[in-house]
Asker: 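Structure provided below as C-alpha cells; questions to follow.
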Amino acid sequence: HPSLRRLSRRPVRRLERLSRLHVTCYSSATDVGIVLDMLDLPSLKELMLYTPVISDGDWPYVLDLISRSEPPLEHLKLAGTPMKVPDIVRCLRSLSGLRKLSIQRLKDADALFSALTINAFGIDSDLKNLLSNVPLCPWLEVLDVADASQSIDSLTRLIVSRCTIAEEK
C-alpha cells in the first residue's frame, strides 16, 4: 500500500510508557509490520498481533521491534503473522522473562515445541556449552497454541521436560 510505504520512511518513535500493544488487522492488503517498524517500546509487557497476512517471505518486524526496544515482555500473542518458527525462536531468545506465549495458525508447531523443550544436561565447566543449553523462556507459565499442526509426541516431550525442571526447584 503506497501510504504505508511513506510511513515506513518516518523516524522511529519511542513510547516510553506504553506497556501493552494490541493490534488487530482485518485486511490482508495491509501489513501491520510497517507500523511496528516505526516503534521503540522499552516498557512493553504485552504484545498481541492479530493479522490475516499470509506470506512466504521474511517477516522480521516483531524480532526487529524486540531487538530495538529490549522490552520486559511477559505476554506475546501472534495470531496469523507470517513468522516462521526460526524467527519466533530468535524472538524468544531475547525474552527470558516471558510468562505467556500464545500462537495461532502456525505451520510447524513441532519445531517450536522442540525449541521450548528443556534438554537435560549435566554440569559443564565450559561456559559456552552451558549457555547454549539455557532453556528458552524459563519462566513460561502458559503456552496457548491453536490452529497449528503438531504431533502429540512433541507436545508430550515439551510438557515432561518442563515438569522435570519444576520438580528440581
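No hydrogens, no waters, no symmetry mates; every other heavy atom, side chains included, goes into these values. Count residues from 1 along the sequence.
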Asker: Would you name the heavy atoms of Ala109 and Ala148 that are closest together and state the gap between them?
Answerer: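 Closest approach of Ala109 to Ala148: CB-CB, 3.9 Å.
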Asker: Which residues end up grouped with Tyr50 if you chain together Ile, Leu, Val, Met, Phe, Trp and Tyr wherever their side-chain heavy atoms are less than 4.5 Å apart?
Answerer: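 Once heavy-atom contacts under 4.5 Å are chained together, Tyr50 belongs with Met48.
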Asker: Can you tell me how far apart NZ (Lys45) and CG (Leu21) are? Round to the nearest 0.5 Å.
Answerer: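 Rounded to the nearest 0.5 Å, the NZ-CG separation comes to 15.5 Å.
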Asker: Given the rule that I, L, V, M, F, W and Y join up when any side-chain heavy atoms are under 4.5 Å apart, are Tyr26 and Val32 in one cluster?
Answerer: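 No, separate clusters.
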Asker: Among residues at least two apart in sequence or on other chains, which ones pass salt bridge (charged side-chain N to carboxylate O under 4.0 Å, His left out) with Glu70?
Answerer: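 Per chain and number, Glu70 pairs via salt bridge (charged side-chain N to carboxylate O under 4.0 Å, His left out) with no residue.
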Asker: Would you give the length of the straight line joining atom NZ of Lys77 to atom CD of Glu46, rounded to the nearest 0.5 angstrom?
Answerer: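 Those atoms lie 10.0 Å apart.
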Asker: Distance-only, no hydrogens or angles: does the Arg157 side chain make a donor-acceptor pair with backbone N or O of Phe113 under 3.5 Å?
Answerer: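 Side chain of Arg157 to backbone of Phe113: no pair is present.
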Asker: Using salt bridge (charged side-chain N to carboxylate O under 4.0 Å, His left out) as the criterion, list what pairs up with Arg14, not counting sequence neighbours.
Answerer: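 If we apply the salt bridge (charged side-chain N to carboxylate O under 4.0 Å, His left out) test to Arg14, skipping adjacent residues, the hits are Glu16, Asp40.
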Asker: Check for me, please, whether Leu101 and Leu78 land in the same ILVMFWY cluster - side-chain distances under 4.5 Å, paths through other members count.
Answerer: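 Yes, Leu101 connects to Leu78 through the hydrophobic network.
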Asker: About how many Å separate OG1 of Thr117 and CG of Leu155, when rounded to the nearest 0.5 Å?
Answerer: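 It is 9.0 Å, given to the nearest 0.5 Å.
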Asker: Looking only at heavy atoms, what is the nearest atom pair of Arg68 and Leu36, with distance?
Answerer: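 Nearest heavy atoms, Arg68 then Leu36: NH2-O, 2.9 Å.
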Asker: Check side-chain hydrogen bond (donor to acceptor under 3.5 Å, both in side chains) between Ser67 and all other residues, then give those that pass, not counting sequence neighbours.
Answerer: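 For Ser67, no residue satisfies side-chain hydrogen bond (donor to acceptor under 3.5 Å, both in side chains) once neighbours in sequence are set aside.
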Asker: Just so I know, are the side chains of Arg13 and Pro11 near enough to count as touching, which here means a heavy-atom distance under 4.5 Å?
Answerer: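 A side-chain contact exists here, since the closest heavy-atom pair is under 4.5 Å.
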Asker: Which atom pair, heavy atoms only, marks the closest approach of Ala79 to Gln104?
Answerer: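 In terms of heavy atoms, the two residues are closest at CB-OE1, 3.4 Å.
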Asker: What's the separation between atom CG in Leu41 and atom CD1 in Ile66, rounded to the nearest 0.5 Å?
Answerer: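 Between atom CG of Leu41 and atom CD1 of Ile66 there are 10.5 Å.
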Asker: Is a side-chain N or O of Asp110 found less than 3.5 angstrom from the main chain of Ser154, in a donor-acceptor match?
Answerer: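 No: the side chain of Asp110 does not pair with the backbone of Ser154.
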Asker: Find the distance between CG (Asp64) and CG (Asp37) and round it off to the nearest 0.5 Å.
Answerer: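 Asp64 CG to Asp37 CG: 6.0 Å, rounded to 0.5 Å.
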Asker: Sequence neighbours left out, what passes side-chain contact (heavy atoms from CB on, under 4.5 Å) with Asp144? Give chain and number order.
Answerer: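 So Asp144 forms a side-chain contact (heavy atoms from CB on, under 4.5 Å) with Ser102.
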Asker: Measuring only between side-chain heavy atoms, which start at C-beta, is Leu112 closer than 4.5 Å to Ile103?
Answerer: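 Yes, at least one pair of side-chain atoms sits under 4.5 Å.
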Asker: Answer yes if Trp59 and Leu47 sit in the same cluster of Ile, Leu, Val, Met, Phe, Trp and Tyr residues linked by side chain heavy atoms under 4.5 Å apart, and no otherwise.
Answerer: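 Same hydrophobic cluster.
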Asker: Compare all side-chain heavy atoms of Val23 with those of Thr51 and state whether any distance is below 4.5 angstrom.
Answerer: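 SC-SC contact between Val23 and Thr51 ruled out.
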Asker: Just so I know, are the side chains of Leu39 and Leu15 near enough to count as touching, which here means a heavy-atom distance under 4.5 Å?
Answerer: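 Sidechains of Leu15 and Leu39: in contact.
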Asker: Less than 4.5 Å apart, side chain to side chain, heavy atoms only: is that true for Val142 and His75?
Answerer: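 Answer no - side chains too far apart.
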Asker: Looking at residues at least two apart in the chain, or sitting in another chain, which of them share a salt bridge (charged side-chain N to carboxylate O under 4.0 Å, His left out) with Arg90?
Answerer: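 Expected list: Asp87.
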Asker: Do Leu140 and Arg162 have side chains that approach each other closer than 4.5 Å (heavy atoms only, starting at C-beta)?
Answerer: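 The answer is yes, as the side chains (C-beta and beyond) meet within the 4.5 Å cut-off.
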Asker: Tell me whether Leu116 is reachable from Leu63 by hopping between hydrophobic residues (I, L, V, M, F, W, Y) whose side-chain heavy atoms are closer than 4.5 Å.
Answerer: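 Different clusters: Leu63 never reaches Leu116 through Ile, Leu, Val, Met, Phe, Trp or Tyr contacts under 4.5 Å.
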Asker: Do Arg99 and Glu141 meet the salt-bridge criterion of a basic N to acidic O distance under 4.0 Å?
Answerer: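 Here Glu141 pairs with Arg99 in a salt bridge, since their nearest N and O are under 4.0 Å apart.
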Asker: First locate atom OG of Ser43, then atom CG of Leu73, and finally report the distance between them rounded to the nearest 0.5 Å.
Answerer: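 One finds 11.5 Å between OG of Ser43 and CG of Leu73.
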Asker: Could you go through the side chain to side chain contact (heavy atoms under 4.5 Å, CB included) check for Ile88 and Leu106 one step at a time?
Answerer: CA-CA 10 Å; Ile88 294 171; Leu106 183 64; 3.8 Å; yes
